[in-house]
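The first residue of the sequence shown is numbered 1, and numbering continues consecutively from there. Model, not experiment: these values are computed from the prediction.
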Amino acid sequence: MAMLPKNLSRPEDSQPARTLWFDRKKYLNISFQVQNPKDVQIDIQETYVVLSCKDVDDNNIYNYIALYDKVNKYDSQEKVFDRTITIMLRKSKENVAWPRLQKDPDLKPNWIAVDFDNWRDWENEEDEGMAEYEQYLDMIQDLGTKKVGPPAMDDLDDLTTESSYILVSDSPTCLLENSSGDLI
């Protein structure tokens with residue numbers, strides 16, 4: 001088990017922040033839901049993450065997460081917003097899906113949840129998205145390099161389809177004739 005950090009001790013009257021997380025090929029994203037956080041301290045290590053701060057009502061917030069697998073602590077980032085503290089952790093093993101955030105499969109705290117709004121099942125995705133992207137990029141590049149005039153409108157002259165109609169008279173009680181010659 002990972003040792004608790006010495007520099008960010010848990011305050012006695014602390015509570016955990018609601019935590020949402022999602023997984024990507026190279027990184028994982030953890031968002032701590034804290035209203036107007038202040039005195040934010042974050043300790044990112046290879047095997048755990050610790051958050052300590054105060055919320056808008058001066059409540060002590062403390063989260064300790066023993067991570068499922070190792071992360072690269074030097075290539076990880078954190079950002080503090082008005083309502084969240086977001087941490088992006090670079091995985092040590094890329095292209096490996098994490099089935100859970102915490103190391104212990106039996107430990108399921110109610111303050112950790114999967115961020116399904118941002119979750120993608122990238123593990124089973126093929127490179128179809130990349131092929132689509134490359135095709136789109138080629139199309140954009142072609143538009144930028146080719147000097148093409150306006151599109152031909154030859155097909156607008158063809159009014160002989162079965163759904164086309166011919167005006168027989170311009171009187172208020174005009175008659176329409178379809179392409180078969182029948183009056184409507």
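- Between Tyr48 and Ala66, the shortest heavy-atom contact is CB-CA, 4.1 Å.
- By the salt bridge (charged side-chain N to carboxylate O under 4.0 Å, His left out) test, Lys108 pairs with no residue at all, sequence neighbours left out.
- Considering every non-hydrogen atom in both Val96 and Asp23, the closest pair reads O-OD2, 4.4 Å.
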Run the numbers on Ile87 and Phe32 for side-chain contact (heavy atoms from CB on, under 4.5 Å), then give the verdict. CA-CA 8 Å; Ile87 301 174; Phe32 299 98; 3.4 Å; yes
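- When atom types are taken as modelled, the side chain of Arg24 and the backbone of Lys26 share no donor-acceptor pair closer than 3.5 angstrom.
- No side-chain heavy atom of Val49 sits less than 4.5 Å from a side-chain heavy atom of Leu51.
- Here the OH atom belonging to Tyr64 is positioned 10.0 Å from the CG atom belonging to Asp43, to the nearest 0.5 angstrom.
- Ile112 is listed as a side-chain neighbour of Trp21, based on a closest heavy-atom distance under 4.5 Å.
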Residue pair Thr86, Ile30: steps toward the side-chain contact (heavy atoms from CB on, under 4.5 Å) verdict: CA-CA 6 Å; Thr86 302; Ile30 303 173; over 6 Å; no
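- Using a 4.5 Å cut-off on side-chain heavy atoms (C-beta onward), Leu101 and Leu28 make contact.
- Contacts of Tyr68 classified as ring pair (Phe, Tyr, Trp, His ring centres under 6.0 Å), with partners at least two apart in sequence or in another chain: Trp98.
- A pairwise comparison of heavy atoms in Leu107 and Gln102 identifies O-OE1, 3.5 Å as the closest pair.
- Residue pairs meeting the side chain to side chain donor-acceptor pair (under 3.5 Å) criterion with at least one partner in residues 73-84, sequence neighbours excluded, are Gln45-Lys73, Asp75-Arg90.
- For Asp13, the side chain to side chain donor-acceptor pair (under 3.5 Å) partners two or more places apart in sequence, or in a different chain, are Asn60.
- Considering only heavy atoms from C-beta on, Gln33 stays 4.5 Å or farther from Thr19 through its side chain.
- Within the 4.5 Å cutoff, the side chain of Ser92 has no heavy atoms near those of the Glu46 side chain.
- Residues forming a side-chain contact (heavy atoms from CB on, under 4.5 Å) with Pro16 (at least two apart in sequence, or on another chain): Asn63, Trp111.
- Counting only residues at least two apart or in different chains, salt bridge (charged side-chain N to carboxylate O under 4.0 Å, His left out) contacts with residues 49-65 comprise Lys38-Asp58.
- Two residues are said to be in side-chain contact when any heavy atoms from C-beta on lie closer than 4.5 Å; Leu89 and Tyr27 fail this criterion.
- Separation of atoms CD (Gln41) and OH (Tyr62) is listed at 10.0 Å; rounding is to 0.5 Å.
- When hydrophobic clusters are built by joining Ile, Leu, Val, Met, Phe, Trp and Tyr residues whose side-chain heavy atoms come closer than 4.5 Å, directly or via intermediates, Val80 is not grouped with Leu20.
- No side-chain heavy atom of Asp117 sits under 4.5 Å from any side-chain heavy atom of Phe22.
- By the 4.5 Å heavy-atom criterion applied to side chains, Val34 and Cys53 are counted as neighbours.
- Taking 4.0 Å as the cut-off between side-chain N and carboxylate O, Lys103 and Asp69 do not count as a salt-bridged pair.
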Worked verdict on Asn59 versus Gln15 for side-chain contact (heavy atoms from CB on, under 4.5 Å): CA-CA 8 Å; Asn59 296 319; Gln15 59 189 16; 3.9 Å; yes
